[in-house]
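Each remark here refers to the structure printed beneath this line.
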Amino acid sequence: MIDKQGLLSAPIGRVLLNMSLPNLVGILTVLGFNLVDTYFISQLGTDALAAISFTFPVTLVITSIAIGIGAGVSTNLGRLIGSGHAPEAKLFLHDALLLTLLVLWSLAVLGSFCIDSLFSLMGAAPYTLPLIHDYMTIWYLGSPLLVLMMVGNQGLRATGDTRSPAKIMALASLINLVLDPILIFGLGPIPPLGIEGAAIASLLAWTVAISLSAYLLIIKRHMLTAAPISIKRYRHNWQKLAHIAQPAALMNLINPLANALLMAMLARIDYEAVGAFGAGIRLESILLIGVMALSSSLVPFIAQNLGAGQCKRAHNALMMSLRFVLLFQTLVYIPVALLHQQIAALFSSDPQVLQYLDFYILVLPAAYGPLGMVILLATAMNVYHRPMASLALNLCRLFLIMLPLALLGSVLAGVGGLMLSLPITNTIMGAACYLLASKLTEPAKKQQTASA
């Protein structure tokens, strides 16, 4: 096999750095979608900010499914490429994208019919439901494009190419940034569309991005070609995909579920806290971009090295990454702590929302280093073909520690007590994850059958 990206031979730190920098740009632009939408929509008032905050757990459900499928694609493609089975890798990617399209269109149709009932159940006030409906109707329409683009980009990353997906997402983010204020507030003959305009801007940006991703996969890289219909092959490849994708998707689904439960708790304490929490979650995504970039780089690196039988090199990369992310996120917290009031003021002018958001920004990022360690280990466990262990890790973090602490904190100290439960949970789990990672090894059976 030709090791064009140096995943199997070059120094670990240099390879991960070279892969992570483009990932950093790509993930920053993806998350910029949410922050740009939040900023412009917040100019419409507190009701609009609360409406977009309620949509975040639901939209995160769809993107979590995409992340789960992408994890299955990247892990299996990386192992197939690492073991020299390129033709099988192309067929696997074709079948994975076909399944993605079928699943997402089904979810989009179902979600479109359940908007009012679902968000009412989440605690949305009746006067915010029309705003939510305007946004989600358009968002559901474009969600299959978003997920196909995300999964297709994971196929590119599995080869070690992190630059092309980053460029695609940078362009999409720029389009969204330009169109958001025009469609939300209106310009010339274009009428102001409000919150609906933000969804239309995202839809147009995703359309451009999926077109570019398809061009790279089909025409330029020849990673995706037409394949004959084969029920036997579909079953085989979908089972391989599901082995990683189902637990990985469920793992990512429980995060928005936990956020939805936290928002429901907040809505019953103080409705303004919902808007603050929603803005805080989106800001959290930006502050964790280093973790996300490194996580995306670790998947193809570990997968290809395990596929090539270089297990020690894969484990060294994981441990090095855990130590790095703890130091990196600690350094990131320093300017955040110094500028927490100024950062909060970017997202709202409501005094009560500002008070809650200011507390969120000051307290929660202090434990983003340990949280990053949890994310990296959970990702690595999928690549090591231990997806159920990864799922169990997150279930333990969210439902055995975080939510009970959040409930206790809300009773004892209201909104502040609930928010404080999150960094406490992440600190405990970060320490536990480092100990677990030090003992993580490749199962002998998987080593033997990785290329089967």
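One is the number of the first residue; the rest follow in order along the sequence. Values below: all heavy atoms of this structure, side chains included; hydrogens, waters and symmetry mates excluded.
Shortest non-hydrogen contact noted between F92 and V73 is CE2-CA, 3.9 Å. Smallest separation of non-hydrogen atoms from A258 and L403: O-CD2, 4.2 Å. For the residue pair L97 and L148, the shortest heavy atom distance occurs at O-CD2, 3.7 Å. Between A276 and L357, the shortest heavy-atom distance links the atoms O-CD1, 3.4 Å. Closest heavy-atom contact between L156 and P165: CB-CG, 3.9 Å. Residue A209 comes nearest to M149 through the heavy atom pair CB-SD, 3.1 Å, listed as atom of the first residue, atom of the second, then distance.
Side-chain contact check for R397 versus I428: every heavy-atom pair is 4.5 Å or farther apart. At a threshold of 4.5 Å between non-hydrogen side-chain atoms, the residues V363 and M419 do not count as touching. Looking only at side-chain heavy atoms (C-beta outward), T425 and L422 stay at 4.5 Å or farther from each other. Looking at V58 and F119, their side chains come closer than 4.5 Å, going by heavy atoms from C-beta outward. Residues H315 and Y384 meet the side-chain proximity criterion, which asks for heavy atoms closer than 4.5 Å. Contact of the F301 side chain with the V383 side chain is not registered, since no non-hydrogen atoms from C-beta on lie closer than 4.5 Å. Considering only heavy atoms from C-beta on, P365 stays 4.5 Å or farther from V332 through its side chain. Using a 4.5 Å heavy-atom cutoff, the side chains of F359 and H340 are not in contact.
With hydrogens and angles disregarded, a donor-acceptor distance shorter than 3.5 Å links the side chain of S421 to the backbone of L418. Checking side-chain atoms of Q154 against main-chain N and O of G72 turns up no donor-acceptor pair under 3.5 Å. Between the side chain of Y360 and the backbone N or O of G416 there is no donor-acceptor pair closer than 3.5 Å. S410 places a side-chain N or O within donor-acceptor distance of the main-chain N or O of L407, the cut-off being under 3.5 Å.
Atom CG of residue L420 and atom CD1 of residue I424 lie 4.5 Å apart, to the nearest 0.5 angstrom. Taken to the nearest 0.5 Å, the CD1 atom of I195 stands 6.5 Å off from the OG1 atom of T55. Rounded to the nearest 0.5 Å, atoms CG (D270) and CE (M265) are 16.0 Å apart. In this structure, M169 CE and N153 CG are separated by 7.5 Å, a value rounded to the nearest 0.5 Å. Note that CE of M402 and CG of L262 are 7.0 Å apart. Values are rounded to the nearest 0.5 Å. The distance from the CZ atom of R323 to the CG atom of L318 is 9.5 Å, given to the nearest 0.5 Å.
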Q: Start with the C-alpha distance between L44 and L131, add both sets of side-chain angles, then the distance that settles side chain to side chain contact (heavy atoms under 4.5 Å, CB included), and finish with yes or no.
A: CA-CA 11 Å; L44 298 174; L131 294 173; over 6 Å; no
Q: Just do the side chain to side chain contact (heavy atoms under 4.5 Å, CB included) check on I281 and M263 with the steps written out, would you?
A: CA-CA 11 Å; I281 291 175; M263 280 192 174; 4.3 Å; yes
Q: Begin from the C-alpha positions of L393 and C433 and carry the test side chain to side chain contact (heavy atoms under 4.5 Å, CB included) through to its verdict.
A: CA-CA 9 Å; L393 181 70; C433 284; 3.7 Å; yes
Q) Is there a side chain to side chain contact (heavy atoms under 4.5 Å, CB included) between V299 and T75 once you walk through the steps? A) CA-CA 6 Å; V299 171; T75 296; 4.2 Å; yes
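The side chain to side chain contact (heavy atoms under 4.5 Å, CB included) test with N382 singles out one residue from I244, L391, I302, and that residue is I244. Partner T379 forms a side chain to side chain donor-acceptor pair (under 3.5 Å) with one of S321, S295, S390 and no other, that one being S295.
Other residues, nucleotides and ligands place no more than 12 heavy atoms under 6.0 Å from the OH atom of Y39. More than 12 heavy atoms of other shown residues, nucleotides or ligands fall within 6.0 angstrom of atom CE in M319.
Using modelled atom types and a 3.5 Å distance limit, the side chains of Y356 and Q352 yield a donor-acceptor pair.
Between W139 and W206, the ring planes lie perpendicular to each other; the angle is over 60°, past the 30° to 60° tilted range.
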